[in-house]
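Below, each value reflects all heavy atoms present in this structure, side chains not excepted, and no hydrogens, waters or symmetry copies.
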Amino acid sequence: QVQLVESGGGLVQPGGSLRLSCAASGFTLHYWAIGWFRQAPGKEREGVSCVSGSDGITVYADSVKGRFTVSSDNAKNTVYLQMNSLKPEDTAVYYCATDPAYECIAPVQPMDFMDYWGKGTLVTVSS
């Protein structure tokens, strides 16, 4: 049974950092791609970043490029999203998601066919 569990969200001041984790179970990360997505209040869900488990390819949305870093630890079956220089506009619920058919390619965007989503973790950037 495929499961994704996000953690690491919280309240942080502008300019601060957080590291989100996405713990995967029921499948081997090495063979799948994982995407990070976020949804702010009143807005549509948008793509943030993704990583390909097989070859380590990473892609970022323009809005986070240079500030966020995605990585995967195949031994722990966990994907991380290191978020630096956080801005108020980064405030959102962050989700990780995957599907056997998902590929980490630009642009990062949630795909209708993605069957497996975590419940999300809230990131609030505010002073």
Side chain to side chain donor-acceptor pair (under 3.5 Å) pairs, two or more places apart, involving residues 108-127: none
Residue pair [X] / [Y]: nearest heavy atoms and the distance that separates them:
| X | Y | result |
| --- | --- | --- |
| Val79 | Ser72 | CG2-CB, 4.0 Å |
| Thr78 | Ser21 | CG2-CB, 4.2 Å |
| Ser17 | Gln82 | CB-NE2, 3.9 Å |
| Cys22 | Trp36 | CB-CZ2, 3.6 Å |
| Asp73 | Leu29 | O-CD2, 4.2 Å |
| Cys50 | Tyr102 | CB-OH, 3.4 Å |

Any side-chain heavy-atom pair of Tyr94 and Leu18 under 4.5 Å: no
Side chain to side chain, Val123 and Met83, heavy atoms closer than 4.5 Å: yes
Look up atom [atom1] in [X] and atom [atom2] in [Y], then write down how far apart they are to the nearest 0.5 Å.
| X | Y | atom1 | atom2 | answer |
| --- | --- | --- | --- | --- |
| Phe68 | Thr58 | CZ | OG1 | 14.0 Å |
| Ser63 | Asp90 | OG | CG | 7.5 Å |
| Ser49 | Arg67 | OG | CZ | 12.0 Å |
| Trp32 | Asp99 | CH2 | CG | 6.5 Å |
| Met111 | Ile105 | CE | CD1 | 7.0 Å |

Identified side-chain contact (heavy atoms from CB on, under 4.5 Å) counterpart of Cys104 within the set Asp55, Val59, Ile34: Val59
Residue of the set Leu20, Val48, Thr91 for which side-chain contact (heavy atoms from CB on, under 4.5 Å) holds with Arg38: Val48
With sequence neighbours excluded, residues passing side chain to side chain donor-acceptor pair (under 3.5 Å) with Asn77: none
Joint cluster assignment, Val93 & Val108, ILVMFWY side-chain distance < 4.5 Å: yes
Hydrophobic cluster identity match, Val70 and Val5, side-chain contacts under 4.5 Å: no
Full working for side-chain contact (heavy atoms from CB on, under 4.5 Å) between Val51 and Tyr80: CA-CA 10 Å; Val51 57; Tyr80 302 98; over 6 Å; no
Whether over 12 other heavy atoms sit under 6.0 Å from Glu44 CD: no
Sidechain-backbone polar pair: Ser54 side chain, Tyr31 backbone, donor-acceptor under 3.5 Å: no
Salt-bridge present (Asp62, Lys65; N to O < 4.0 Å): yes
Ser25: partners by side-chain contact (heavy atoms from CB on, under 4.5 Å), with sequence neighbours left out: Gln3
Within 45° cone and under 6.0 Å: Arg45 NZ/CZ vs Phe37 ring: no
